[in-house]
Amino acid sequence: MVSASDLYLLPAIINRSGALNVATIVVGIFGGIVLFGAVGLFVGPVVLGGTKVALDQFTREQMNPTTD
């Protein structure tokens, strides 16, 4: 029962606070568990979210270069 609620509730709760796709969050959860163990349940989506933000910023900088 607990694992089923984790599977459906955690991505929904995380998705409300961030701009990540639910599938990305689920991949982050399972990948985090595989890589980091139980702590990966929380660390995986954070690492994936940080990577997404960094790549979005990099793309934005490449599309609109400023010359200083």
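All heavy atoms count here, side chains included; hydrogens, waters and symmetry mates do not. One-based numbering along the sequence shown.
Between Thr24 and Leu48, the closest heavy-atom pair is O-CD2, 3.1 Å. Considering all non-hydrogen atoms of both residues, Pro45 and Gly40 come closest at CD-O, 3.9 Å.
Of the inter-residue distances, the one linking Thr51 atom OG1 with Phe58 atom CZ reads 14.0 Å to the nearest 0.5 angstrom. To the nearest 0.5 Å, atom CZ of residue Phe30 and atom CG of residue Leu35 are 13.5 Å apart. Between the CG atom of Leu41 and the CD1 atom of Ile29 there is a distance of 6.0 Å, given to the nearest 0.5 Å.
The pair Asp56-Lys52 meets the salt-bridge criterion, since a charged nitrogen lies less than 4.0 angstrom from a carboxylate oxygen.
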